[in-house]
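Let me begin by presenting the structure, written as structure tokens, before commenting on it.
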Amino acid sequence: MSVTETAPKNPALTALPGLGRALVSAGKLGQKAAEDIFLKAQGSRSSFIAELTGSGAVSAFDLAHIMATSFSAPLVDMDAVDMQRLPKDLLDTKICLACRIVVLGKRNNRLIIATADPSDQSAAEQIKFSTQLGVDWIIAEYDKLSRLVDGSGATASEMIENIVGEEFEFDEDISAPAAQENEASASEVEDAPIVKFLHKMLVDAFNMRASDLHFEPFEHSYRVRFRVDGELREICSPPIAIKEKLAARIKVISKLDISEKRVPQDGKMKLKIGPDRVIDFRVSTLPTMFGEKIVIRILDPSSAKLGIDALGYEPEEKERLLEAIKRPYGMVLVTGPTGSGKTVSLYTCLNILNTAGVNISTAEDPAEITLPGVNQVSMNEKAGMTFPVALKAFLRQDPDIIMVGEIRDVETADIAIKAAQTGHLVLSTLHTNDAPTTLTRMRNMGIAPFNIASSVILITAQRLARRLCPHCKAAIEIPRDAMLQAGFKDDEVDGSWKPFHPVGCAKCNNGYKGRLGIYQVMPISEEIQRIVLRDGSAMEIAAQAEAEGVRSLRQSGLYKVKLGMTSMEEILGCTNA
């Protein structure tokens, strides 16, 4: 069906784009609302459809169904489309990016194209002019379509061959090849397209606020994924032929042995953007069946300087933590699984304590973020530098504050506890599910109850939950029984508020944008000390903590749901009842 056949006849609507006129004509959007969205899109220089779905006036899901009905066009779920099997050379990539479309195939002299806006006549004309082929529209949800368009971008070959140079370079000191590398090896990995491709991936990941980059070789393909807001997203699939040169390039700038491909290696590198901006990366290689998988962790120094308010602590939780870290001695523990933000929390505390009047030493494996004024030591087991060795040395260095990256064994725990008992503030982490189980875990490690009770002053357990996108989140009705079962109390489910759920728009990732902290901040009171001394269980400690006003992780998460900051399904997925 052509656009002219469905265009509304009302002259008052002619200022709107075709999509807006179609929605108004179908009675799905008021004329005034459509005009306001159109003017807002012009003011922000964004597309009408992006502003429409981003404002929440019409969800991407509803819009797709409305367009499919209005234009009598079939509907496709882009999540079910395998991008690797789609034709690559039927249409110029620049047109696909500009028009937010994906070519699904070709039938005779017509292209089958997925779009969210079948009324876009300029897109149809561009396609016809470029290919001399007709167009058959298939309707797709705008958010899913945009993710695929942004993720695929140019084809992998185009991306490597045509990347435009940027004003950035690798730090010379870090990128200098190791002494054992010969000139032939070094020149081999200086292939310009490979260098530009790697630069682009690193800068794109940083701009997308990704935490990790994954370079993954398989038998017949190569995949690059970014972890954004805790979820892995496929970004591109470059030619598999680049895997050796790309791995070698990363190893060279990370000062790793490029000839060693049989065992894992760890390294670091820096990327300089402009005259005074440097980004740190941690590199890990892993031999797999079809080549070396490489994971690069982005270490953003600014994350340690965000301040405690930016981490998401509620006022009473913040007050408890600040009171504990300002005490002259004792142990403060931060617990949670890998990727829950423990390191950022510790660095934030150190940043608060880092003044000219204190001596701070840290033992880390490895030291991730550089903090000026803090004596940071990286562990090196091959050289004999372990946590116990570092801690014993710290105690001879006149310390005020000691940070231990992780308590892994009873020897490290014993030395840290003795330091806390002898006039030092000790900060460290443990891998436990919540604050109460941390005390019983230490007991199971073989630490005497008296030493635990007399040294630990506060435990913070934490998780990271995805934050709802403020542009598209929508209220949802959840049955009262389901909310009570999730952990809400009777007086909280009184109908005075509604939870929100993710919708999805062009400005977010499946309805979420960024992450927020969920915390259980448990001071060790005298009563909890008594429970520890008589070797009480984690359940007894948890009951006493709740009686003292300490929220569990689930309760803390549900409070964030009540504030409209995240969704109930997100909290149920990252916390235990």
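Note that the coordinates shown come from a computational prediction; the quantities given were computed from them, not determined experimentally.
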Looking at [Y], is its backbone amide N or carbonyl O close enough to the side chain of [X] to form a donor-acceptor pair, meaning the two atoms are under 3.5 Å apart?
X: R463; Y: I571; answer: no
X: K342; Y: P337; answer: yes
X: Q462; Y: G341; answer: yes
X: S428; Y: V404; answer: yes
X: K251; Y: T285; answer: no

For [Y], is there an ion pair with [X] - N to carboxylate O distance below 4.0 angstrom?
X: D77; Y: K144; value: yes
X: E244; Y: K261; value: yes
X: D229; Y: R466; value: no
X: R262; Y: E260; value: yes

Mind checking whether [X] and [Y] have side chains closer than 4.5 Å, heavy atoms only?
X: I459; Y: L430; result: no
X: V377; Y: F394; result: yes
X: L198; Y: I253; result: yes
X: I49; Y: L63; result: yes
X: Y512; Y: E570; result: yes
X: T362; Y: L427; result: no
X: H65; Y: L75; result: yes
X: R467; Y: R515; result: no

Just checking, is any N or O donor in the side chain of [X] or [Y] under 3.5 Å from an acceptor N or O on the other one?
X: T348; Y: N351; value: no
X: D120; Y: S122; value: yes
X: S237; Y: S221; value: no

Checklist entry - For R107, does the CZ atom have more than 12 heavy-atom neighbours from other residues, nucleotides or ligands under 6.0 Å away? => result no
Next on the checklist: For D117 and T115: C-alpha separation, side-chain torsions, deciding distance, then whether side-chain hydrogen bond (donor to acceptor under 3.5 Å, both in side chains) applies.
Outcome noted: CA-CA 5 Å; D117 183 6; T115 181; over 6 Å; no
Next on the checklist: My understanding is that only one of E292, M289, K293 makes a side chain to side chain contact (heavy atoms under 4.5 Å, CB included) with P217; could you say which?
Outcome noted: K293
Checklist entry - Should the pair K243 and Y222 be classed as cation-pi, given the thresholds of under 6.0 Å to the six-membered ring centre and 45° from the axis? => result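 Not satisfied by the 6.0 Å and 45° rule.
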